[in-house]
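The sequence lines fix the lettering, A, B, ..., with proteins before strands; numbering per chain opens at 1.
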Number of protein chains: 2
Amino acid sequence: MTASGRKKQRKSTAPTMLHVAEAARVSIATVSALLNGTATVSPELTQRIEQAIRDIGYKRNAIARSLKMGTTRTIGLTVPHITNPFFTDVVSVIQQAFDRAGYAVMLCCTDEDLNTQDEQIRLLLDRMVDGLIVARVGDGGILKSIVEDANVPVVLLDRLCEGVDTDAVVLDNQRAVFDAVTYLIHLGHRRIGYITGTSDISPMHDRMIGYREALQAAGLPVAEELIRSGNFHEIDGYNATMQLLSLHDRPSAIFSANNPMVIGTMKAIRDIGLSCPEDISVACFDDFPWSDVFVPQLTTVAQPVQAIGEQAANLLLDRLAGNRDAPPRKLVLKGRLMIRNSCRPLGAIAQSVSA
Amino acid sequence: MTASGRKKQRKSTAPTMLHVAEAARVSIATVSALLNGTATVSPELTQRIEQAIRDIGYKRNAIARSLKMGTTRTIGLTVPHITNPFFTDVVSVIQQAFDRAGYAVMLCCTDEDLNTQDEQIRLLLDRMVDGLIVARVGDGGILKSIVEDANVPVVLLDRLCEGVDTDAVVLDNQRAVFDAVTYLIHLGHRRIGYITGTSDISPMHDRMIGYREALQAAGLPVAEELIRSGNFHEIDGYNATMQLLSLHDRPSAIFSANNPMVIGTMKAIRDIGLSCPEDISVACFDDFPWSDVFVPQLTTVAQPVQAIGEQAANLLLDRLAGNRDAPPRKLVLKGRLMIRNSCRPLGAIAQSVSA
DNA sequence: AACGCTAATCTAAACGTTTCGAACGTGTCA
DNA sequence: TGACACGTTCGAAACGTTTAGATTAGCGTT
């Protein structure tokens, strides 16, 4: 605590371009030119400037740069829940892709709530993100107007949005569920319970269609009491399953259209004293790391998370690279049914289980 | 494509404060004063300005603001892998906390690589983040100098860093593993395999000590051949487990100090034709949503992710609120052993298994 | 010797805010 | 009536860059 070292230079202004310029005895413009390669600067000055930068420990101020350039090299990414393993994986891929391209990623979780989403998007736009990748939530909100004002490019992820005409990458949800349910039917299942999230988002809507069409294609009736919907959370899956299992003529199989909800399904089956696949078969949407580790190994519809993330990143990077006026592009990827052993063929014995 | 609507106003400069000022027939300083509440402005002008803002659709440019103010209300967060469920959860909590405080979060994944981490941190500092939360990787790097230069506050998460003296929130790893291993010993296990990540990060180091101390406290020898280390990934856990299981006197239990690696452990057990817990007991670090859903229900050490995330956020927010000179604070939280059924008591029959 | 050309460098005006200090009008007091 | 204080409003200088356009020096032409 000497008299000299007082106040701990809180205001230790970081070195600026001006300091570099002075130290190198050149103009500030020359420093900028060298840093950006926008003009040729003589070997001599180059050397002096580089030395000065090293001596001073100069770091270019990206905020000032952003202000002048009108670009932040930062993008915004919003997802409903980062704890959903599908989104976790996709976020990871997207982050890597933008990292490679020299962009930073601002991540927001919207918690399946439209107001939160709007707020987050505003937050991101305030910070002048160059682009937006949105796994949207809800139907209206400010998303539409943002896309229309077209100042920042938007890529929709996983979920389309009615009336919002912009780049998107989604799964062929209808086909994926069609295949999964058809698989169950081939195993001999006739009464197949279906648990969905709220149907105001496109994947849930499309998956439901896939379910209905698979039944119809097999000449089976669609029993409305076998369809339950919840709000994407484990507890919703639990409740939905409880209801399904207490039907007088209960299903022999359950398909859960959402990953977190299937945890609830499994817990409900356990709590009610049944077991999978002996008493009831289960399949669900979205693969996850543990799906083939435990008993039963869960049959799932795996999304190509790597491709989804990369394509979304590419679409946005392409817009950011200047390709602004191309018409909106929609990429539809295919899911893959990962057949494991949580669904069993229905034999004579299983038929009588519901009795 | 009429002659009038050409070029699609790409350069549709967003409305600025100047526009508002003009529309409201006031000076730009008054607009700023009103927006920030830094001076009283008469009801009349207030009304005119607010009207103008609404008419024009003005949004304050946070970049310009940041440049002037020297603060971005953005923090940087780096984690080794976002797909690790522990980090996923913590990230989620942290994101929420900062969201509430009006901060944006830039997320980076360092992929357990020191160079990547340094690069990411530089990226974040370039963008003038106000603070940093780092679940660090490697030992040296620029982290030390950043903390010392002390221009931006840093909070270490989950992992301490030698020689880096700053705020931190970590688990009492040693105690947590001590308890878990002691539990195994009480069940009758004598040869307990231990799978760790590389020991250059503090949690791995501390957990290892916990393991050794538990054995010693019970008067058991520490058999080095039962300790295997890998690089945090599933495959490493798989290989390590394979090695443990092919020992002539193989362990009756395995503790995995890292969550992703336990997936490999379970797969190795399965592939080698054994089953858990009948043939071998398993416990691991980090709880996850599926841990009690399937068979076996995994015994784990659960970290208080909510508390960890919130405390880390609070430490940083406190610094950001101006409390810069307080000495570094280290928060040590307690883990909780979640006893399920992946570890079984050793009876007479089990004793002979290794024969 | 005057001219133009090129290459290298510099000057100064932005970018959209915040903020300090000055200016203004009005009312109070001696 | 002049001095003064007070509450509002404004002008203008920052913040740290980029960049268009001016300036300079060097050099070959005619």
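You can see that DNA chain C meets the heavy atoms of chain B within a 4.0 Å-exclusive cut from C/dG16 to C/dT19, reading 5' to 3'.
Residues of residues 49-72 of chain A that place a heavy atom closer than 4.0 Å to DNA chain D, in numerical order, are A/Tyr58, A/Lys59, A/Arg60, A/Asn61, A/Ala64, A/Arg65, A/Lys68, A/Met69. Near DNA chain D, meaning a heavy atom under 4.0 Å away, the residues from residues 29-37 of chain A are A/Ala29, A/Ser32, A/Asn36.
Comment: A/Glu22 does not engage A/Arg48 in a salt bridge, judged by the lack of any side-chain N to carboxylate O separation of less than 4.0 angstrom. Between B/Arg159 and B/Glu112 there is a salt bridge, since at least one side-chain N of the basic residue sits less than 4.0 Å from a carboxylate O of the acidic one. Residues A/Asp126 and B/Arg60 are not paired through a salt bridge, judged by the lack of any N-O separation under 4.0 Å between the basic side chain and the carboxylate.
Inspection of the B/Arg127 and A/Thr74 side chains reveals an N or O donor paired with an N or O acceptor under 3.5 Å. No side-chain donor-acceptor contact under 3.5 Å links A/Asp149 and A/Ser145. Remark: the A/Asp130 side chain and the A/Thr72 side chain contain an N/O donor-acceptor pair separated by less than 3.5 Å.
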**Item:** Evaluation steps, side-chain hydrogen bond (donor to acceptor under 3.5 Å, both in side chains), between B/Gln95 and B/Asp99
**Value:** CA-CA 6 Å; B/Gln95 206 277 327; B/Asp99 190 46; 4.7 Å; no
**Asked** Which is it for A/Asp318 and A/Arg329 under the salt bridge (Lys or Arg N to Asp or Glu O under 4.0 Å) test, yes or no, and what are the steps along the way?
**Response** CA-CA 11 Å; A/Asp318 180 58; A/Arg329 298 156 292 187; 2.6 Å; yes
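The distance from atom CG of B/Leu132 to atom CG of B/Leu143, rounded to the nearest 0.5 Å, is 7.5 Å.
Computed from coordinates, the B/Glu22 CD to D/dC10 C1' distance equals 15 Å when rounded to whole Å.
Atom CD of A/Glu162 has 12 or fewer neighbouring heavy atoms from other residues, nucleotides or ligands inside a 6.0 Å radius.
Both A/Ile28 and A/Ala39 sit near DNA chain C, but only A/Ala39 has its closest nucleotide nearer the 5' end.
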